[in-house]
Amino acid sequence: MTAPKENKTARRRAPGMSPEERREMIVQTAIPLIAEYGAAVTTAKIARAAGIGEGTIFRVFADKEELLQACVAKALSPDHAVRELDAIDTSQPLPDRLAEAAEALQAHMARMGAILGSLGHGGGKHPGTVRGAGREESTARIRAALAELLEPERAALRRPPEQIAALFFGLLFTQPRTEHEPDLTPRELVDVFLHGALSGNAE
């Protein structure tokens, strides 16, 4: 009786990550930990959460400070928000499109606030560049994605889609808050934006 053949497939190691893929995985793991613990989070804790040895972090990051800066850049990058805006179905009614956009951008702002707040960046100031693009370019990319959502209604808009997008973006980022009133929901915010402050019952 011949010996069973060795299962080479089972013994084959999974292909390793490239340094860039490894960096991305570590950053994605670190962001929620930084939001929870701030700069006090240890690289050992990040490594355990990522399922890697602590030394692996320092093969792709020079030190903890470089890792923290990469996490800030990731949180501030508009890439994820722009992808979500681009994925919104433009065949939907405009209020539905804008409500989805508001939800995506509010989530983006929450991510930014959690990271910046935990690391002590106050006042909403943009600390440096984001993948070579500063605050103005990040804002321009989000506005352009919003303008694409408005494009089907171009003929019905009072102003060009680009200007309406800038107004909507500004409302989202500067939504007035009062001490005793909750924030508007995305749907309520869109309703006020599209139809003004008066209710349908106003004469």
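Between the side chains of Ser138 and Arg141, no donor-acceptor pair is found at a separation under 3.5 Å.
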**Item:** Verdict with supporting geometry, Phe61 and Val27, side chain to side chain contact (heavy atoms under 4.5 Å, CB included)
**Value:** CA-CA 10 Å; Phe61 292 100; Val27 166; 3.8 Å; yes
**Stepwise side chain to side chain contact (heavy atoms under 4.5 Å, CB included) test for Gln28 and Glu24** = CA-CA 6 Å; Gln28 292 286 5; Glu24 178 69 15; 2.9 Å; yes
**Asked** Are Thr42 and Tyr37 close enough, and set up right, to give a side chain to side chain contact (heavy atoms under 4.5 Å, CB included), and what steps lead you there?
**Response** CA-CA 9 Å; Thr42 64; Tyr37 298 104; over 6 Å; no
**Phe168 vs Leu189, side chain to side chain contact (heavy atoms under 4.5 Å, CB included): CA-CA, chis, key distance, verdict** = CA-CA 10 Å; Phe168 186 66; Leu189 188 146; 3.7 Å; yes
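Of all heavy-atom pairs between Ile88 and Ala101, the closest is CD1-N, 3.6 Å. Residues Ala102 and Pro186 share a closest heavy-atom pair of CB-CB, 3.8 Å. The heavy-atom pair separating Leu149 from Thr90 by the smallest distance is CD2-CG2, 4.1 Å. Across every non-hydrogen atom of Ala81 and Leu105, the tightest pair is CB-CD2, 4.1 Å. Ala147 approaches Pro161 most closely through the heavy-atom pair O-CB, 3.8 Å. Among all heavy-atom pairs drawn from Thr29 and Ala50, the shortest one is CG2-N, 3.6 Å.
Exactly one of Arg22, Met17, Arg23 qualifies for a side chain to side chain contact (heavy atoms under 4.5 Å, CB included) with Glu20. That residue is Arg23. Just one residue in the list Arg48, Lys64, Glu54 forms a side chain to side chain donor-acceptor pair (under 3.5 Å) with Thr43, and that residue is Glu54.
A 4.5 Å side-chain heavy-atom check between His80 and Arg111 finds at least one atom pair inside the cut-off. In this structure, Glu153 and Ile164 have side chains that are not in contact, with every pair of non-hydrogen atoms separated by 4.5 Å or more. Taking 4.5 Å as the limit, every side-chain heavy atom of Ile34 sits out of range of all side-chain heavy atoms of Ile31.
Remark: Lys74 does not engage Asp79 in a salt bridge, criterion side-chain N to carboxylate O under 4.0 Å. Between Glu36 and Lys45 no salt bridge is recorded (no basic side-chain N to carboxylate O distance below 4.0 Å). We find that Glu103 and Arg187 are not joined by a salt bridge, their nearest charged nitrogen and carboxylate oxygen being 4.0 Å or further apart.
Atom CG of Leu150 sits about 10.0 Å away from atom CG of Leu167, to the nearest 0.5 Å. Put simply, CG on Leu157 and CD on Glu162 are 10.0 Å apart, with the number rounded to the nearest 0.5 Å. If you take CG on Leu146 and CG on Leu172, they are separated by 7.5 Å, rounding to the nearest 0.5 Å. If you take CG on Leu116 and CE on Met109, they are separated by 13.0 Å, rounding to the nearest 0.5 Å. A distance of 10.0 Å separates CG of Asp63 from CD of Gln69, quoted to the nearest 0.5 Å. For the atom pair Met25 CE and Ser18 OG, the distance stands at 11.0 Å (nearest 0.5 Å).
For Arg97 (side chain) and Gln92 (main-chain N/O), a donor-acceptor pair under 3.5 Å exists by modelled atom type.
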